[in-house]
Amino acid sequence: MTLTTEKQPRFHRDSKQLEMLRSMQTIRRFEERASDDYQAGAIYGVVHCYIGEEAVAVGVCAALNRDDQIISTHRGHGHCLAKGADLNRMMAELYGRQTGYCKGKGGSMHIADFSIGMLGANGIVAGGIPIVTGAGLAAQLEGKGRVAVSFFGDGASNAGPFHESINIAATWKLPMLYVCENNLYSAGTIAADTLALSDVAARAAGYGIPGVVVDGNDVMAVYEAAEAAVSRARAGQGPTLIECKTYRWRGHTERPGQEDPRPKEEIEEWRQRDPINRFATNLIDQGLLTEDAWQKMDAEILAAIEDAVKFSEESPFPEPEAAVEDIFAD
Ligand SMILES: Cc1ncc(C[n+]2csc(CCOP(=O)(O)OP(=O)(O)O)c2C)c(N)n1
Ligand SMILES: [Mg+2]
């Protein structure tokens, strides 16, 4: 599927926008449920929510083909779902069940599905960037026009692997997108306390590649920036750094009692810029969606999530012996 906006008949473009809205709302509802179930003790480990940032994953993944590859971060549910991961297997993984993506042994931060080009979430900040740069090199060597995409945070952009990867990708003109989700904080650290520039995208100049700043709460703006970068990458012109300015609504993780340095007014201000409400309102204004159809879509999403929870609850936990299976060291 080629998704170039101008080349698409209007019908396709309209249905594509509705699918993008559905994808964003699926991420939101999935995480609301995951958060509730985490607080209730049904989900183990750590859960980092992406709520508020949905437009980034969906805008970028809408510009990709199924066999293009992405890598995610510790905040990975949005990237997985936007690339087409299965709701049941994702929820079952959070629930620690055998039917989950990692047979219930990985949890929220380790979901991968190679069949849809999702190379994995990663608990190591900036750890995914060199891995997916390797996938970009593989795509270039294969010569089939695939691209590879790295999602990472503003905090990760201060780490060595970001700079090393982007340098080699720029030099070898790898077919890559580096997508920085600048949500203004890395855990409890204010981005401005560790970043001398106001835009991470400005760092692209140091590697001789384009750097673009996008409103990360405007899904179509993200989509268009991603499309341009994908075309460039497929044409052999190398990587682009796209910085999406966005914000997470929830605390750094779902663990209760965490300190959050963010002013309440700032959180409220960003909630007013809700990427989902904004997009739905826009589609209603354009006559592509009605209030009724929007409510129906939401009800269908909630029902699918309810099914995923039921599927998870009915699935068995891994047997103790499974702890020593699927490992690659003696
Ligand atoms: C190498 C490494 N250092 C520190 C941590 C602890 N840690 C987990 S998430 C995080 C903040 C990451 O911030 P950012 O890259 O901006 O992503 P965000 O959480 O804002 O999405 C930190 C420091 C880690 N997981 N890995
Ligand atoms: Mg951040």
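Counting convention: from 1, in listed order, for ligands and their atoms alike. Since the structure is predicted, the reported quantities are computational estimates derived from the model, not experimental observations.
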- Message: Please tell me whether Y178 and T133 have a donor and an acceptor in their side chains that are separated by less than 3.5 angstrom.
- Response: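 A pair is found: one side chain offers a donor N or O, the other an acceptor, under 3.5 Å apart.
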- Have T246 and N183 got a donor and an acceptor in their side chains that come within less than 3.5 Å?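 No, because no side-chain N or O of T246 sits under 3.5 Å from a partner of the opposite role on N183.
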- Closest contact, heavy atoms only, F317 versus Y95: CE2-O, 3.7 Å
- Nearest heavy atoms of K173 and Q140, plus distance in Å: O-NE2, 3.2 Å
- Task: State whether E181 contributes an N/O/S atom found under 2.8 Å from the Mg ion (ligand 2).
- Result: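 Under 2.8 Å: E181 has no N, O or S contact with the Mg ion (ligand 2).
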- Message: Would you say the Mg ion (ligand 2) has S186 as a near neighbour, meaning an N/O/S atom of that residue under 2.8 Å away?
- Response: no
By number and element, which atoms of ligand 1 are closer than 4.0 Å to a non-hydrogen atom of [X]?
| X | result |
| --- | --- |
| Y185 | 16 (O), 20 (O) |
| N183 | 18 (P), 20 (O), 21 (O) |
| G153 | 14 (P), 15 (O), 16 (O), 17 (O) |
| R75 | 18 (P), 19 (O), 21 (O) |

- With a 4.0 Å cut-off, would you call R28 and D274 a salt bridge? yes
Looking only at protein heavy atoms, identify the closest one to [atom] and say how far it is in Å.
| atom | value |
| --- | --- |
| atom 25 (N) of ligand 1 | G123 O, 2.8 Å |
| atom 22 (C) of ligand 1 | V125 CG2, 3.7 Å |
| atom 13 (O) of ligand 1 | S186 CB, 2.9 Å |
| atom 11 (C) of ligand 1 | A187 N, 3.5 Å |

- Query: Any chance the rings of F30 and H77 have centres within less than 6.0 Å?
  - Reply: yes
- With the Mg ion (ligand 2) at the center, what angle do OD1 from N183 and OD1 from D154 span, rounded to 10 degrees? 80°
- Message: Heavy-atom count check: over 12 atoms from other residues, nucleotides or ligands less than 6.0 Å from K103 NZ?
- Response: no
- Message: More than 12 heavy atoms of other residues, nucleotides or ligands under 6.0 Å from CD of Q272: yes or no?
- Response: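 Result for CD/Q272: enclosed.
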[X], any N or O under 3.5 Å of ligand 1 N or O:
| X | result |
| --- | --- |
| D154 | yes |
| R248 | no |
| A156 | yes |

- Query: Taking atom 16 (O) of ligand 1 as the point of reference, which of G155, A126, G160 owns the nearest heavy atom?
  - Reply: G155
- Would you find a donor on one side and an acceptor on the other, under 3.5 Å apart, between the side chain of K16 and the backbone of A62?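 Yes.
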- Task: Give a yes or no on whether V222 and W270 share a hydrophobic cluster (residues Ile, Leu, Val, Met, Phe, Trp, Tyr; joining criterion: side-chain heavy atoms under 4.5 Å apart).
- Result: no
- Message: If we check side chain to side chain contact (heavy atoms under 4.5 Å, CB included) with R203, which of these qualifies: L195, I166, I209?
- Response: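 Option passing the side chain to side chain contact (heavy atoms under 4.5 Å, CB included) with R203: L195.
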- Message: Using a 4.0 Å heavy-atom cut-off, which part of H252 comes near ligand 1: side chain, backbone, both, or neither?
- Response: side chain
- Task: Answer with yes or no whether H74 contacts ligand 1, where contact means a heavy atom under 4.0 Å from a ligand atom.
- Result: yes
